[in-house]
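What follows is a single structure, written as structure tokens, with notes after it.
For reference, positions follow the sequence shown, starting with 1.
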Amino acid sequence: MSAHLRLHETVRCGRLTLRNRIVMPAHTTNFAVNGVFSPRHIAYHRARAAGGVGMIITEGMRVHPTSLARSNTVSAFDDAVIPSLAELVEVVHGQGALLAGQLLHVGRQSGGHHMLTPAWAASPIPWSSTAAVPHEMTTEEIAELVAAFGAAARRVAAAGADAVELHLGHGHLLQQFLSPATNTRTDGYGGSFANRLRLTQEVFDAVEAVLPPEMPVILRISADEFIEGGLVLEDTLAAVDLLLKEHQIDVLHVSHSAYVGSASIATQMADMSFPPLPFRHLPRAFKREFPQLSILAVGRVDNLENARSLIEEGDADLVALARPHIANPDLAALPLLDDAPPARDCIACNQGCAARLEAGLPISCVVNPEVGMEREWDALRAASREGERRRVLVVGGGPAGLEAAIAAASVGHATTLVEAEPELGGALRLAAQLPMRGEFRRFISEAEALARHVGVDVQLGVRADDALLAEGWDSVVLATGGVEVPETRFPALPLATALAEPDSTGGHVVVVDEDGTTTALAVADLLLTRGCRVTLLTDRPSMSWRVPVYSRPALWEKLSGRGFSAVLMRAPVRLDDGVLTYRDPLSGEEGELQNVSSVITIRQRAAGTTPTLPGSVTGSVIGDAYAPRTALEAAFEGRFAGLTVTDTPGVRTAAAALRGRL
């Protein structure tokens with residue numbers, strides 16, 4: 001049987017029967033309202049179930065109030081969750097998919113210096129050097145936790161879910177008890193391997209006691225913690241072997257990592273600096289050790305081609321794709337459609353998902369700005385289709401312009417996109433030249449393919465002069481991008497020159513980071529690969545302050561030991577004869593970097609100038625031309641602009657409703 005057919009065949013996994021082998025795994029959305037599933041959840045999951053996925057696993061539901069129980073996360077520690085979960089089950093079932101409910105306690109990650117109560121943990125070891133010290137749980141509290149898991153499982157069953165997933169991974173509380181790196185107890189829950197596994201055994205007992213006999217159980221594990229002194233593959237293989245002797249596990253969901261202040265956490269949502277499928281050896285090991293057990297593989301599975309590879313080569317029985325389903329709700333169904341549009345795949349940038357989660361905001365997506373606002377975008381699209389067809393000109397072929405053109409053409413407007421350069425992509429073309437940022441090429445190429453598919457007239461090497469702007473357009477969208485801000489304090493090398501001309505930088509490059517995004521680290525990585533010595537200089541107290549914790553530690557680790565160093569809390573002053581002088585912004589004291597061959601300044605761009613439109617033409621300015629930001633905001637503004645080129649009451653109402661959801 002072909003891999004394509006195997007991926008989409010009905011499959012039996014223990015007591016579960018799925019319509020295909022494709023799973024959308026648990027991922028936090030911050031869509032909850034007062035701790036329960038919200039209408040945003042319902043619309044979000046309806047779209048993915050309708051898109052053909054075999055099973056959806058809910059985001060982690062907290063089993064106890066001590067588990068980071070914010071109002072925008074889902075709680076399962078009282079019966080209030082049952083009605084909303086039951087509605088979610090009904091919606092997902094209505095589209096032919098299964099729904100499993102994940103239960104967890106995040107443990108020591110729950111606490112922070114802003115919390116009035118401490119986090120619970122196996123031992124009083126903080127998850128990072130700046131985190132609060134957690135509370136070592138008493139045996140009475142452990143018993144309370146076990147009972148809480150059982151009560152939460154009863155609620156999941158009462159709501160009609162198809163399975164319960166227990167989270168023994170990602171450095172959460174059950175893993176904190178199992179790992180020797182986080183459990184230094186001397187009682188019956190610490191010391192020996194069996195003792196450290198005891199809490200998980202008791203949780204299984206409590207859950208099995210309340211579930212109907214036919215209700216399946218999924219176990220999610222971290223097969224390797226990737227930390228010194230932590231769990232390794234041999235440990236987790238042994239743990240699963242012991243659990244299987246006493247409990248029925250229908251699906252083993254094999255992940256990796258620990259929630260700890262090191263590169264391990266950055267493997268959990270591995271970004272585009274990692275290659276695809278970097279952890280496939282982990283599910284493969286479990287499939288070989290337990291061939292009778294259904295294995296669910298996860299981890300930087302970017303698209304269905306990756307998923308097919310895992311199935312075809314026998315590494316797993318099911319494949320989990322989280323961020324790809326965020327980016328494309330129709331992911332599972334696309335291969336089955338004869339007239340499917342060109343795919344828009346996840347690019348693993350972590351900008352709309354991980355970064356917004358860290359900020360406590362609802363998730364979004366660079367590739368799919370409609371995440372979490374499916375109803376509002378659908379209403380705006382419907383209103384736009386009902387309006388008068390217009391001739392639309394989009395000026396600029398970066399992410400904002402591409403999204404605007406695609407959106408306008410997709411609802412029937414005659415759309416032309418002009419780009420002055422010979423290629424599309426705007427500022428992303430520069431980013432895509434960096435090895436750590438190479439997936440931006442995918443964004444550009446897939447957006448271009450979709451633009452041409454929906455009928456956009458793409459014209460490259462064409463500037464929007466007065467003659468073009470006066471050609472009788474009904475609406476013009478100006479997405480002309482931002483402009484570089486020149487360095488005036490000292491001679492600096494333009495980034496584009498440094499990338500295009502390897503010999504231009506010399507041997508010791510100072511990268512002055514005023515931006516805090518991944519760009520400075522990616523530039524450093526490229527220069528190190530060329531054999532340069534690189535010093536990062538910033539006046540901030542930390543490097544890459546705008547990069548989420550789910551990416552930052554791994555990026556730092558990739559630079560370690562390669563001739564990279566950093567000078568923090570220092571501002572550059574002048575460059576004379578290879579000596580860069582910097583100043584402490586607090587004391588005013590100066591220091592020097594010697595033998596500097598070139599300096600590259602990384603900073604946000606300034607808003608670009610936009611052409612003046614003829615008086616009879618309506619227009620909008622979007623993306624970096626309006627205000628310099630990231631591709632996330634550019635893509636959102638582009639899609640919004642493309643659907644609002646008609647000014648009708650219906651469009652105005654729908655647009656206002658969407659803006660009110662932001």
Side-chain angles (χ1 to χ4, degrees), residues 127-130 171 181 224-233 256-279 281-282 299-300 348 350 431 433-439 493 495 498-499 502-513 515-538 540-570 572 578 580 582 591-600 602:
W127 73 268
S128 76
S129 59
T130 58
D224 195 322
E225 290 193 298
F226 300 136
I227 57 174
E228 185 176 352
L231 295 168
V232 296
L233 180 58
H256 51 272
S257 81
Y259 205 103
V260 64
S262 74
S264 177
I265 191 175
T267 67
Q268 187 185 129
M269 296 175 69
D271 71 8
M272 65 171 73
S273 66
F274 288 82
L277 300 177
F279 311 109
H281 63 287
L282 299 174
R300 203 52 224 282
N350 281 354
Q433 296 179 44
L434 302 169
M436 285 185 178
R437 305 277 86 190
E439 283 295 296
L493 188 66
L495 179 56
L499 299 185
D503 295 334
S504 64
T505 60
H508 179 198
V509 186
V510 175
V511 177
V512 178
D513 188 10
D515 185 43
T517 64
T518 309
T519 303
L521 303 182
V523 169
D525 174 60
L526 177 64
L527 295 173
L528 292 168
T529 301
R530 293 176 176 174
C532 299
R533 173 187 164 203
V534 180
T535 303
L536 186 145
L537 179 68
T538 180
R540 308 300 175 96
S542 175
M543 293 191 297
S544 44
W545 57 92
R546 293 169 63 193
V547 179
V549 69
Y550 290 100
S551 293
R552 189 168 58 241
L555 298 178
W556 289 352
E557 186 176 81
K558 291 177 189 297
L559 304 180
S560 177
R562 298 169 59 196
F564 176 81
S565 60
V567 178
L568 310 180
M569 287 289 290
R570 298 294 184 269
L580 181 68
Y582 56 75
E592 295 178 344
L593 289 172
Q594 303 288 333
N595 302 315
V596 174
S597 56
S598 61
V599 178
I600 301 171
I602 308 295

Qualifying residues under side chain to side chain donor-acceptor pair (under 3.5 Å), relative to Asp224, sequence neighbours excluded: none

Test log, rule side-chain contact (heavy atoms from CB on, under 4.5 Å), inputs Asp271 and Arg437: CA-CA 9 Å; Asp271 71 8; Arg437 305 277 86 190; 4.0 Å; yes

Indicate the ring-plane relationship of Tyr259 and Trp127, choosing parallel, tilted or perpendicular according to the 30° and 60° boundaries. perpendicular

How close do Ala181 and Gly230 get, heavy atom to heavy atom, and via which atoms? CB-CA, 3.9 Å

State whether the side chain of Arg300 and the backbone N or O of Pro278 hold a donor-acceptor pair below 3.5 Å, judged by distance alone. no

Taken to the nearest 0.5 Å, the spacing of Arg552 CZ from Leu521 CG works out to 10.0 Å

Side chain Asn350, main chain Met269, donor-acceptor under 3.5 Å: yes

Take Arg546 and Thr519 through the test side-chain contact (heavy atoms from CB on, under 4.5 Å) and record every step on the way to the result. CA-CA 11 Å; Arg546 293 169 63 193; Thr519 303; over 6 Å; no

With no hydrogens and no angle check, is any side-chain donor or acceptor of Thr538 less than 3.5 Å from a backbone partner on Asp513? yes

Between Gly261 and Ser128, the two heavy atoms sitting closest are CA-CB, 4.1 Å

Would you give the length of the straight line joining atom CD1 of Ile227 to atom CD1 of Ile265, rounded to the nearest 0.5 angstrom? 11.0 Å

Of all heavy-atom pairs linking Ser504 and Ala498, the shortest is OG-CA, 3.7 Å

With rounding to the nearest 0.5 angstrom, report the CG to CG distance, Leu282 to Leu233. 6.0 Å

Applied to residues 521-531, the salt bridge (Lys or Arg N to Asp or Glu O under 4.0 Å) test, sequence neighbours excluded, yields Asp525-Arg562

Least distance between heavy atoms, Ala554 atom then Ala266 atom: CB-CB, 3.3 Å

Can you tell me how far the CG atom of Leu568 sits from the CE atom of Met543, to the nearest 0.5 Å? 6.5 Å

Got a sec, which residues hit ring-ring contact (aromatic ring centres under 6.0 Å, His included) with Tyr550, two or more places apart in sequence or on another chain? none

Which heavy-atom pair separates Thr517 from Ser544 by the least distance, and what is that distance? O-CB, 4.2 Å

Under the side-chain contact (heavy atoms from CB on, under 4.5 Å) criterion, do Ser257 and Phe279 qualify, and how do the steps go? CA-CA 10 Å; Ser257 81; Phe279 311 109; over 6 Å; no

Test item: His256 side-chain N/O and Thr267 main-chain N/O as donor-acceptor pair under 3.5 Å: yes

Looking at CG of Leu580 and OG of Ser597, how far apart are the two atoms once the value is rounded to the nearest 0.5 Å? 11.0 Å

Evaluate Ile600 against Leu527 for side-chain contact (heavy atoms from CB on, under 4.5 Å), listing each step before the verdict. CA-CA 11 Å; Ile600 301 171; Leu527 295 173; 4.2 Å; yes

Atom CD of Gln594: over 12 foreign heavy atoms under 6.0 Å: yes

Side chains of Ser264 and Ser262: any donor to acceptor distance under 3.5 Å? no

Closest non-hydrogen atom pair, Leu555 against Met436: CD2-SD, 3.7 Å

Separation of Phe274 CZ from Glu439 CD (nearest 0.5 Å): 13.5 Å

